[in-house]
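Notes for the one structure printed next.
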Amino acid sequence: MIRLFVGLEMPEAVRDALSRLSGGLPGARWAPPENYHLTLRFIGEVDEGVAQDIDQALDLVAAPAFTLTLDGLGQFGRGERSRVLWAGVRPEPALDHLQAKVESAVVRAGLPAETRKFSPHVTLATLGRETSAARVGRLMEDHGLFQAGPFAVDRFVLYESVLGRQGSTYHVVRDYPLGGWRAEDAAP
Ligand code: 3AM
C-alpha cells in the first residue's frame with residue numbers, strides 16, 4: 001500500500017518566505033520547508049495497481065500553466081483539537097480548473113468523489129491544544145499582509161506521504177507537465 005496525494009510544489013523563494021513565518025507559537029508544530037505544498041486532492045492508502053491507474057489518469061490531464069500568488073494567513077478548526085495555520089492563495093481560475101481536472105481523473109481511476117469544497121492553502125503549522133488562540137490571532141495580524149509570488153506553476157505532482165513519528169515526509173513519485181501541447185487538445 002502507498003499513501004498518496006496530488007499537489008503543487010512551492011519554489012524555493014516561496015519556501016523561504018513561508019519559513020520566515022515560523023516560530024514563536026508554543027505548542028505549534030511547524031512544517032519543515034521541504035514539506036510545503038498545496039494539496040489538489042488527497043488520495044490516501046491505495047495498492048500498487050490503483051496507484052498505477054491514478055498515475056495513468058493523471059498523465060492524461062491537460063491544463064494550462066498559470067501563476068499563483070500566496071496571499072494572507074488563515075486557520076482551519078478554530079477552537080478544535082486539530083487546528084491548522086495556513087497561507088492562503090489569491091483566487092486563480094486556472095488553479096480551480098486544474099483541481100477539477102485532477103478530481104475527474106482520480107474518479108475515473110476508480111476513487112470515490114471528494115465531497116469537501118476545495119480550499120487551496122499551504123499548511124504552515126499544526127497547532128496543539130496548548131497553543132494560545134490569542135497568540136495565533138496576533139501572528140495572523142502581524143502577517144496579515146503576507147504575500148509570496150507570483151510564481152509559475154508548470155507542473156503538478158503525485159506525492160507519496162510517509163507517516164513518521166516526527167510527522168510526515170513527502171516524496172514526489174511522478175510529475176505531470178502543464179501547458180504543453182497534447183494530441184487530445186487539437187481540434188478534430
Ligand atoms: O495540504 P494539507 O497540509 O492541508 O492533512 C493532510 C495534508 O493536508 C491531508 O492531505 C495533505 C497531505 O497529507 N490529509 C491527510 N489525511 C487526510 C484525509 N484522511 C487528508 N485529507 C483528507 N482526508
Side-chain angles (χ1 to χ4, degrees), residues 1-11 14-23 25 27-47 50-51 54-55 57-58 66 68-92 95-96 98-107 109-129 131 136 139-140 143 146 148-149 151 153 155-176:
M1 296 287 269
I2 179 167
R3 184 177 165 88
L4 298 173
F5 69 99
V6 184
L8 301 179
E9 301 155 295
M10 295 294 124
V14 171
R15 292 204 302 264
D16 288 349
L18 289 168
S19 68
R20 285 196 286 275
L21 299 168
S22 305
L25 268 188
R29 183 192 275 188
W30 293 91
E34 64 272 17
N35 273 18
Y36 294 143
H37 65 274
L38 186 157
T39 299
L40 293 169
R41 174 55 144 94
F42 180 75
I43 292 171
E45 300 261 350
V46 292
D47 68 31
V50 175
I54 292 168
D55 172 38
L58 292 174
F66 54 92
L68 267 191
T69 300
L70 302 188
D71 197 357
L73 302 184
Q75 57 176 317
F76 292 140
R78 193 180 291 252
E80 291 167 29
R81 261 186 74 187
S82 149
R83 293 145 70 205
V84 170
L85 177 69
W86 44 262
V89 176
R90 188 175 293 169
E92 171 48 65
L95 171 65
D96 297 333
L98 173 62
Q99 185 272 333
K101 289 220 156 179
V102 166
E103 174 63 22
S104 324
V106 167
V107 168
L111 270 84
E114 174 63 75
T115 51
R116 285 166 306 181
K117 190 177 167 294
F118 178 49
S119 303
H121 65 275
V122 178
T123 293
L124 297 173
T126 50
L127 308 176
R129 233 191 235 286
T131 311
V136 177
L139 183 140
M140 285 174 43
H143 298 285
F146 172 80
F151 58 95
V153 178
R155 68 179 203 168
F156 67 98
V157 304
L158 185 60
Y159 283 104
E160 177 182 8
S161 165
V162 180
L163 302 176
R165 263 199 217 166
Q166 304 298 321
S168 306
T169 50
Y170 303 140
H171 310 279
V172 172
V173 288
R174 280 293 306 269
D175 62 275
Y176 310 92

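Every number for a ligand or one of its atoms is a count from 1 in the order of the listing.
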Contact between Val153 and Leu95 at the side-chain level, heavy atoms closer than 4.5 Å - yes or no?
no
Could you go through Val173 and Tyr159, starting from their C-alpha distance and side-chain angles, then the distance that decides it, and tell me whether this counts as side chain to side chain contact (heavy atoms under 4.5 Å, CB included)?
CA-CA 6 Å; Val173 288; Tyr159 283 104; over 6 Å; no
His37 and ring pair (Phe, Tyr, Trp, His ring centres under 6.0 Å): which single residue from Phe42, Phe156, Phe5 fits?
Phe5
Shortest non-hydrogen separation from Ala148 to Phe146 and the atoms involved:
CB-CZ, 3.8 Å
Any residue meeting side-chain hydrogen bond (donor to acceptor under 3.5 Å, both in side chains) with Arg41, in chain and number order, not counting sequence neighbours:
Glu103
In short, Met10 meets Arg15 closest at the heavy-atom pair O-NH1, 3.0 Å
Under a 4.0 Å heavy-atom cut-off, what residues line ligand 1?
Arg3, Phe5, His37, Thr39, Phe42, Arg116, His121, Thr123, Tyr170
